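Every value quoted in this text rests on a predicted model; they were computed, and no experiment measured them. Residues: numbered from 1 along the sequence shown.
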Amino acid sequence: MTAPRYQDVKAAEIPEIVDDDGTRVRVVCGDFWGRRGPIEGVAADPRYLDVSVPPGKRKTLPVEVGATLSLTCLTAPAASMRHPSRSAC
């Protein structure tokens, strides 16, 4: 087992990719769309992305067969207050 450790990463060190439809992807850890995030040395080789999809748009992103996916969907406070029972995901 690997001992826990902290990796200090500044926001400016996290690469951001902007797709043609305005979707922004910040690659925190792992590889995505030809870019690599600054966090390294994690035994499980995770991919951690911060994805922002423009309002009114939908986005489909690839997930490899056999991969485990965890998704947390956050919406703007104003949008969630108007429609608390609706999900943006």
Side-chain angles (χ1 to χ4, degrees):
M1 189 168 221
T2 304
R5 62 190 172 90
Y6 174 78
Q7 293 185 48
D8 187 37
V9 177
K10 308 284 188 244
E13 297 172 11
I14 300 172
E16 181 177 75
I17 308 158
V18 181
D19 203 8
D20 293 340
D21 66 357
T23 297
R24 296 179 175 278
V25 178
R26 292 171 23 104
V27 184
V28 179
C29 184
D31 294 304
F32 190 74
W33 286 348
R35 302 292 297 272
R36 180 149 189 87
I39 305 250
E40 298 201 6
V42 180
D45 194 28
R47 178 182 299 153
Y48 186 95
L49 308 173
D50 177 5
V51 180
S52 178
V53 180
K57 298 283 185 178
R58 295 182 142 235
K59 191 67 177 183
T60 300
L61 299 173
V63 177
E64 291 80 13
V65 173
T68 300
L69 175 68
S70 174
L71 174 69
T72 302
C73 185
L74 305 175
T75 60
S80 61
M81 293 297 284
R82 273 181 271 162
H83 303 287
S85 64
R86 294 186 188 171
S87 170
C89 295

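Hydrophobic side-chain contacts under 4.5 Å tie V65 to no other Ile, Leu, Val, Met, Phe, Trp or Tyr residue. By the 4.5 Å side-chain criterion applied to Ile, Leu, Val, Met, Phe, Trp and Tyr, V42 is assigned to a cluster that also includes V9, I14, V28, I39, Y48. Cluster partners of Y6, using a side-chain heavy-atom cutoff of under 4.5 Å among ILVMFWY residues and allowing indirect links: none.
Closest non-hydrogen pair, Q7 versus P38, comes out as OE1-O, 4.3 Å. Closest non-hydrogen pair, P46 versus C29, comes out as O-SG, 3.6 Å. A pairwise comparison of heavy atoms in I17 and F32 identifies CD1-O, 3.5 Å as the closest pair.
Qualifying side chain to side chain contact (heavy atoms under 4.5 Å, CB included) partners for A67, counting only residues two or more places apart in sequence or in other chains: V63, E64. Legend: residues meeting salt bridge (Lys or Arg N to Asp or Glu O under 4.0 Å) with K57, ordered by chain and number and at least two apart, are absent.
With a 6.0 Å radius and a threshold of 12 heavy atoms from other residues, nucleotides or ligands, D8 has its CG atom above the threshold.
Put simply, the side chain of S52 does not reach to within 4.5 Å of the side chain of T23, judged on heavy atoms.
Sorted by first and then second residue, the side chain to side chain donor-acceptor pair (under 3.5 Å) pairs with a member in residues 33-45 read D31-R36; sequence neighbours excluded.
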